[in-house]
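Below, read A as the first sequence line, B as the second, and so on, with proteins coming before strands; counting in each chain starts at 1.
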2 protein chains.
Amino acid sequence: MNVAGLSLRDLEYAVAVAEQRHFGKAAERCAVSQPSLSAQIRKLEDTLGIALFERTSRRVLLTQQGEAVIRQARVVLEEARRLLTVARGTEGTLTGTLSVGAIQTLGPYLFPHALPVMRRHLPNAQLVLSEGRTEGLLEELREGRIDAVLLSLPIDTEGLATEALFFEPFLLAHPAGHRLEDLPSIGLKDLDPNELVLLEEGHCLRDQALVACGATARGMRHATGLETLRHMVAAGTGYTLMPRLAAGEGTTVGGLVAYRKFEGDAPGREIGLVWRASDPRAPGFRDLAQRLREAPPPGMRPV
Amino acid sequence: MNVAGLSLRDLEYAVAVAEQRHFGKAAERCAVSQPSLSAQIRKLEDTLGIALFERTSRRVLLTQQGEAVIRQARVVLEEARRLLTVARGTEGTLTGTLSVGAIQTLGPYLFPHALPVMRRHLPNAQLVLSEGRTEGLLEELREGRIDAVLLSLPIDTEGLATEALFFEPFLLAHPAGHRLEDLPSIGLKDLDPNELVLLEEGHCLRDQALVACGATARGMRHATGLETLRHMVAAGTGYTLMPRLAAGEGTTVGGLVAYRKFEGDAPGREIGLVWRASDPRAPGFRDLAQRLREAPPPGMRPV
DNA sequence: CACATTCATAGATATATCCTATGGATTTGT
DNA sequence: ACAAATCCATAGGATATATCTATGAATGTG
């Protein structure tokens with residue numbers, strides 16, 4: 001079998017099916033009809049002489065061989081995309097569509113500040129933003145569905161490249177009028193784990209808060225998102241650690257939430273930009289990180 | 001521009017043109033008509049938005065951008081071929097067509113011994129052999145036109161992987177009846193650079209002989225190949241260093257050439273197997289090297 | 001100046017890909 | 001248990017793409 005018998009389009013179809021685990025959705029993503037996509041997948045399977053997918057008309061599964069083939073297909077497609085950037089002479093720069101993800105406890109608060117910076121620095125890029133949790137975002141990043149992620153460091157950097165941007169302190173967010181207001185200054189040791197409210201599992205902020213407070217999670221109240229968490233504080237359920245960026249102007253829920261800095265070495269998290277180590281646009285990402293570092297949002301500390 | 005608009009077939013066409021610098025020959029190699037190939041190349045250039053080749057109806061040149069694109073096209077094709085081996089489940093093994101090159105001063109003398117070993121060890125491979133000089137062979141290797149090379153180490157290993165096989169001593173080849181026959185034993189110091197005959201430039205053996213004898217090449221007689229060199233010795237032009245494998249049975253040119261071992265630490269060269277570091281068949285090459293090491297031709301010394 | 005070489009063009013044909021419509025199998029909801 | 005919904009496969013016809021042969025135009029060569 002000659003390599004010329006393969007089609008990059010078919011590989012894209014196969015990767016789409018592998019990711020969506022659904023022929024119809026994959027077809028939609030590839031902008032073809034489902035029968036066309038089915039036919040091409042079948043042709044590809046014939047060409048390779050193996051079954052890539054197990055179809056049970058109700059669910060689509062990757063065969064074991066299929067998994068290995070899809071992994072390699074992603075490599076082929078990445079190199080082919082790179083060919084296009086080489087041809088454009090824009091290798092190493094950020095142009096065209098650029099998908100940037102951010103963790104949910106950061107994106108909505110950082111993007112309003114960072115987007116103008118990014119737009120100015122990357123006038124030739126179309127930015128596509130998304131949000132998720134660390135684990136999901138890194139999977140999407142590794143699979144090439146997104147190009148870069150803004151998240152809290154450190155992470156498992158296997159196959160990834162990282163640039164630290166700044167240190168974001170945590171503030172104490174407590175119900176207005178809470179007895180903690182009487183203290184002249186607040187340290188982590190003043191917190192009572194029983195009064196702590198957290199995000200649900202999977203959010204890195206949850207784990208960081210637990211570590212900072214030296215507490216364990218058992219039996220603790222939890223919220224599904226940062227805004228829910230804020231409203232739980234407003235409702236008097238307890239207090240929590242709030243990232244500085246999420247505690248800006250007009251975030252007191254009508255005065256029901258109060259924020260306070262910690263004395264001494266404040267808890268917080270390091271925010272960084274992450275991309276695939278294999279991405280040829282590394283210099284562009286490093287430039288971008290530098291710009292973001294030079295224009296940090298108010299309240300951030302340099303790393 | 002989407003990656004799906006690219007065709008692997010077109011990339012193969014382009015690589016073929018880049019290598020042959022000739023549309024007709026490239027078409028032949030790709031088993032299509034020349035107009036078809038021309039049309040596809042033109043389409044590819046349109047797709048990429050750049051000119052890959054400069055055609056002056058008399059010669060075909062790669063443009064500067066074309067060079068970068070072809071380099072990347074080779075990467076894409078290599079990864080695509082790898083996809084096929086992954087699908088076949090034969091990754092890491094040597095199957096299918098295997099092109100092996102050897103330097104000219106080694107191939108004709110080593111292959112008769114090594115080929116049976118290789119055939120037995122790789123029953124599923126079709127071996128294609130070629131000969132050349134170190135520089136040319138390594139270029140072909142890097143470009144993927146051949147898969148492995150047998151040559152004299154050390155070499156510049158940038159991007160290549162190497163396994164040493166054995167040490168091949170050099171013998172002294174002198175005209176029968178030469179006065180050196182009177183010496184009870186021979187060392188390098190007994191040689192007179194003025195009587196030395198060498199291969200022409202480009203042969204690694206030439207350089208090795210010069211280094212071994214501590215001589216410079218100026219004004220020296222030279223031969224275009226090892227057999228020519230042997231006949232120059234037979235004709236009494238002088239003596240030379242002959243690789244052990246090239247001095248086997250029946251190589252005395254009717255008794256006109258005599259071979260003699262050197263006393264002490266004999267000069268010689270280390271023979272090794274080289275392949276692309278990026279080649280996924282590395283384990284297969286290492287296995288092959290091990291087999292060749294275990295069954296060295298007579299007179300070779302282990303490394 | 002005739003001739004060979006070499007890439008491009010033209011027109012016809014074959015192949016590959018795609019779409020819409022529909023079928024059959026399985027799961028879900030009532 | 002039965003109707004509805006979901007989902008992949010198949011069929012047939014339309015379109016796009018790739019390929020071939022024959023030929024032309026440009027550039028060197030003897």
Salt-bridge present (B/Glu135, B/Arg133; N to O < 4.0 Å):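 No salt bridge links B/Glu135 with B/Arg133.
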Closer than 4.0 angstrom, basic N to acidic O: yes or no for A/Arg82 and A/Asp279? no
Under the rule for side-chain contact (heavy atoms from CB on, under 4.5 Å), what residues qualify as partners of B/Asn124, not counting sequence neighbours?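 Expected list: B/Thr95.
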Using the test side-chain hydrogen bond (donor to acceptor under 3.5 Å, both in side chains), find all partners of B/Gln40 that sit at least two apart in sequence or belong to another chain.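 side-chain hydrogen bond (donor to acceptor under 3.5 Å, both in side chains) list for B/Gln40, sorted by chain: B/Asp10.
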What residues in residues 7-28 of chain A put a non-hydrogen atom under 4.0 Å from any atom of DNA chain C? A/Arg9, A/Tyr13
Separation of [N] [atom2] from [X] [atom1] (nearest whole Å):
{"X": "A/Gln40", "N": "D/dA9", "atom1": "CD", "atom2": "C1'", "answer": "14 Å"}
{"X": "A/Glu45", "N": "D/dC8", "atom1": "CD", "atom2": "P", "answer": "13 Å"}
{"X": "B/Lys43", "N": "D/dA16", "atom1": "NZ", "atom2": "P", "answer": "15 Å"}
{"X": "B/Ile41", "N": "D/dA18", "atom1": "CD1", "atom2": "P", "answer": "12 Å"}
{"X": "B/Arg55", "N": "D/dG24", "atom1": "CZ", "atom2": "C1'", "answer": "17 Å"}
{"X": "B/Glu54", "N": "D/dT27", "atom1": "CD", "atom2": "P", "answer": "14 Å"}
{"X": "A/Arg42", "N": "D/dA11", "atom1": "CZ", "atom2": "P", "answer": "10 Å"}

Residues A/Leu198, A/Leu205; criterion side-chain contact (heavy atoms from CB on, under 4.5 Å); working and verdict: CA-CA 8 Å; A/Leu198 291 177; A/Leu205 179 55; over 6 Å; no
Mind telling me whether A/Phe23 and A/Phe53 have parallel, tilted or perpendicular rings, with 30° and 60° as the class edges? perpendicular
Among residues 32-39 of chain B, which residues get a heavy atom nearer than 4.0 Å to DNA chain D?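 Result for residues 32-39 of chain B: B/Val32, B/Ser33, B/Pro35, B/Ser36, sorted by number.
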Determine all donor-acceptor pairs shorter than 3.5 Å in which one atom belongs to a side chain in residues 61-70 of chain A; sequence neighbours excluded.
residue: A/Thr63; atom: OG1; partner: A/Ala51; partner atom: O; Å: 2.7
residue: A/Thr63; atom: OG1; partner: A/Leu52; partner atom: O; Å: 3.1
residue: A/Thr63; atom: OG1; partner: A/Gly66; partner atom: N; Å: 2.9

Could you go through residues 99-110 of chain B and list every donor-acceptor pair under 3.5 Å that involves a side-chain atom there, pairing it with any protein atom two or more places apart or in another chain?
residue: B/Thr105; atom: OG1; partner: B/Arg269; partner atom: NH1; Å: 2.9
residue: B/Tyr109; atom: OH; partner: B/Glu227; partner atom: OE2; Å: 2.6

